[in-house]
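Report on one structure; see the data block that follows.
The sequence lines fix the lettering, A, B, ..., with proteins before strands; numbering per chain opens at 1. None of the values given here were measured: they were computed from a predicted structure.
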2 protein chains.
Amino acid sequence: MPTPLVLKLARVLDLGAADVAALAALGSPSRRCAAGRSLVEAGRRMSAAILVHEGWAVRHRTLADGRRLVLDFVLPGDICDPAVFVTSRADFSMQALTDLRYGLVQSEDVLDLVNRSPRIGAAFWWAEAHEEAITRAHLVAIGRMSAYERVAYLLWELWTRLRVVNLADADGFEAPFGQDVLADAAGLSYVHLSRTLCRLDRDGLIHRRPPHGWRIPDAARLREAMQISDALHLTPLPRRIQQRLSR
Amino acid sequence: MPTPLVLKLARVLDLGAADVAALAALGSPSRRCAAGRSLVEAGRRMSAAILVHEGWAVRHRTLADGRRLVLDFVLPGDICDPAVFVTSRADFSMQALTDLRYGLVQSEDVLDLVNRSPRIGAAFWWAEAHEEAITRAHLVAIGRMSAYERVAYLLWELWTRLRVVNLADADGFEAPFGQDVLADAAGLSYVHLSRTLCRLDRDGLIHRRPPHGWRIPDAARLREAMQISDALHLTPLPRRIQQRLSR
DNA sequence: GGCTCCATTTAACACAGGTTAAGGCGCCCG
DNA sequence: CGGGCGCCTTAACCTGTGTTAAATGGAGCC
């Protein structure tokens, strides 16, 4: 069974057996972290990238008066801050939503890896660019979409990302968090988030199976509701580029 | 006179004369583009990163029904999409706000540069991470700050970034665009943006000198208004990392 | 100087979403 | 089996921001 990171990268890069082995070894030994704990604290100096093997986390940021925004969800196979080594201090916090299994990749090691193997390098680059694309889409959603569209978008994004790493099935997924987290990701109050979910439910765009099940009865209608098109860079790289990586 | 890119990177990395020369040569020959023209169209395949030498641009995204969000401003010294080579299609559009002088760096060349010189590589990495930090801060601003705080934040961000490349002075800057652009960056209607600017003006946080002058009479009070702390990774990299780049 | 054009401001009104508070419901635990 | 506790939902009300439209003001031009 390939690791989630390999699953993700395999759709973008042609990976040889050696690459797969190298990627599978990334972030060992694995460490654990209990649900609710913070792995990264905004403002702290960071010395390693965090590769999540198993479990869910969020990156978020809290304003002086407690208002919080969830920047994104960190899923298995995600590298939180692949560019640590050029980043002086964390500009976000990271918190485990479930018990977590993860690994660290020290800044210096990232640098060496990237320099030594163009393919692993590309993997880190891609991870960084992917993360940025997600953040940009999120920005558009929060900046210009209505609550209804925005929540539809977030659910679709999660579902899409989970399917890539085989953690969702064709008609829905399990998400281990409460509505407060989703509200902070959507930039809504939890009350209005609840209203909005009920509407999506009533309209048949989603179906909730408590406590944590989200079914998507009609993917096409959900996509239609969200006004934005899929642009998470999940398609394979052009051959031209791939060849340059093979040296 | 160092190029804006060099000015920016010099605060993060210790650059030798050779590095400076290499960076100064990036993105030649320079090309021109008239104000208002699009340089990148969302959904198109991109084949080069764009290094802006002179002038202002924005990256933005438009929904099906015309609602638009400005993702960020592209200033001299900024590399738009340093990670092009791992990115399949543009997920944003880019438009010149003024006449522009810029250069292209072909995807394949980025890859070679990055692999050949660890220092130039780090420069691209840093540019990508910096861009992402800006986007994240923007996300927090739009997601959880009031219109007042948010506009204060955007003006402060522009001012800060411009000072890094010597394009602003100690008490303000010139920004060559109308309120509609700023409104799309703040995720507000232009009417409410105008109201908000007037309030900021009345409160003495900013002073506008038409048509394009923005004075900041009291930087401390502006920062106070914005609830968020500077986190654009503009501080030097740790020595430990720098040493690894010198090989 | 007066006209036109464009960007900005003001005004009046509408509505999405926030706030506060109360109610429902399932789940754990005694 | 009953009580209590979290979480989610509903309701009523309030406010910030959007919308539409008209007024103002400055820059260029005749």
Side-chain angles (χ1 to χ4, degrees), chain A residues 35-36 63 65-70 97-98 140-155 174-203 206-215 225-227, chain B residues 35-36 63 65-70 97-98 140-155 174-203 206-215 225-227:
Chain A
L63 301 184
D65 60 4
R67 284 173 289 178
R68 182 178 92 129
L69 189 85
V70 166
L97 290 175
T98 64
V140 175
I142 291 196
R144 283 303 190 206
M145 293 172 39
S146 68
Y148 191 81
E149 298 162 328
R150 203 188 298 176
V151 173
Y153 167 73
L154 279 174
L155 294 173
E174 298 286 312
F177 51 74
Q179 295 190 3
D180 50 340
V181 175
L182 206 52
D184 280 342
L188 296 171
S189 67
Y190 69 94
V191 176
H192 196 62
L193 179 79
S194 165
R195 286 196 275 253
T196 306
L197 287 174
C198 291
R199 265 179 68 207
L200 284 164
D201 210 326
R202 190 148 25 75
D203 295 350
I206 62 174
H207 173 65
R208 288 172 289 168
R209 199 162 343 160
H212 293 139
W214 302 82
R215 302 290 104 192
M226 69 188 213
Q227 287 268 342
Chain B
L63 300 184
D65 60 3
R67 284 173 288 178
R68 183 176 91 130
L69 189 84
V70 166
L97 290 175
T98 64
V140 175
I142 291 197
R144 285 304 191 204
M145 292 171 42
S146 70
Y148 191 83
E149 298 162 330
R150 202 186 302 178
V151 173
Y153 167 73
L154 278 175
L155 294 173
E174 297 287 311
F177 51 76
Q179 294 189 4
D180 50 340
V181 175
L182 205 52
D184 280 341
L188 296 171
S189 67
Y190 70 92
V191 175
H192 196 62
L193 180 79
S194 164
R195 287 197 275 250
T196 306
L197 286 173
C198 290
R199 265 181 66 207
L200 284 164
D201 209 327
R202 190 147 27 78
D203 295 351
I206 62 174
H207 174 63
R208 288 172 290 168
R209 199 164 341 163
H212 293 140
W214 301 82
R215 301 290 104 194
M226 70 186 214
Q227 286 269 339

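Not counting sequence neighbours, B/Asp203 has no partner by the salt bridge (Lys or Arg N to Asp or Glu O under 4.0 Å) test. The salt bridge (Lys or Arg N to Asp or Glu O under 4.0 Å) check on B/Arg195 picks up nothing, with sequence neighbours excluded. Residues satisfying the side chain to side chain contact (heavy atoms under 4.5 Å, CB included) test with A/Pro211, not counting sequence neighbours, are none. B/Arg199 is linked by a side chain to side chain donor-acceptor pair (under 3.5 Å) to nothing, counting only residues two or more places apart in sequence or in another chain. Listed by chain and residue number, A/Tyr190, A/Leu193 satisfy the side chain to side chain contact (heavy atoms under 4.5 Å, CB included) test with A/Ala183 (two or more places apart in sequence, or in another chain). With sequence neighbours excluded, no residue satisfies side chain to side chain contact (heavy atoms under 4.5 Å, CB included) with B/Asp180. With sequence neighbours left out, A/Ala152 forms a side chain to side chain contact (heavy atoms under 4.5 Å, CB included) with A/Leu200, A/Leu222, A/Ala225, A/Met226.
Within residues 187-200 of chain B, the residues approaching DNA chain D are B/Gly187, B/Leu188, B/Ser189, B/Val191, B/His192, B/Arg195, by heavy-atom distance under 4.0 Å.
The span of DNA chain C lying next to chain B, judged by atoms under 4.0 Å from heavy atoms, is bounded 5' to 3' by C/dT8 to C/dA12. Chain B approaches DNA chain D over the interval D/dT17 to D/dT20, counting the first and last nucleotide 5' to 3' with an atom under 4.0 Å from its heavy atoms.
Place B/Gln179 and A/Arg150 on DNA chain C by their nearest nucleotides, and B/Gln179 ends up nearer the 5' end. Where A/Arg144 and A/Arg208 each meet DNA chain D at their nearest nucleotide, the meeting point lying more 5' is that of A/Arg208. The nearest heavy atom of DNA chain D to B/Tyr148 and to B/Pro211 marks one nucleotide each, and the one closer to the 5' end goes with B/Tyr148.
The heavy-atom pair separating A/Val181 from A/Val70 by the smallest distance is O-CG2, 3.9 Å. Here the closest non-hydrogen pair linking B/Ala186 and B/Val151 is CB-CG2, 4.4 Å.
At least one side-chain heavy atom of A/Leu182 sits under 4.5 Å from a side-chain heavy atom of A/Leu155.
Rounded to 10°, the angle separating the first-five-pair axis and the last-five-pair axis of the helix from C/dG1-D/dC30 to C/dA22-D/dT9 equals 30°.
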For this session: Report the C-alpha separation of B/Arg215 and B/Ile206 in whole Å, then their side-chain angles, then the decisive distance to 0.1 Å, and conclude whether the side chain to side chain contact (heavy atoms under 4.5 Å, CB included) test is met.
Result: CA-CA 6 Å; B/Arg215 301 290 104 194; B/Ile206 62 174; over 6 Å; no
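Applying the salt bridge (charged side-chain N to carboxylate O under 4.0 Å, His left out) definition to pairs two or more places apart or across chains, those involving residues 141-150 of chain A are A/Arg144-B/Asp184, A/Glu149-B/Arg67.
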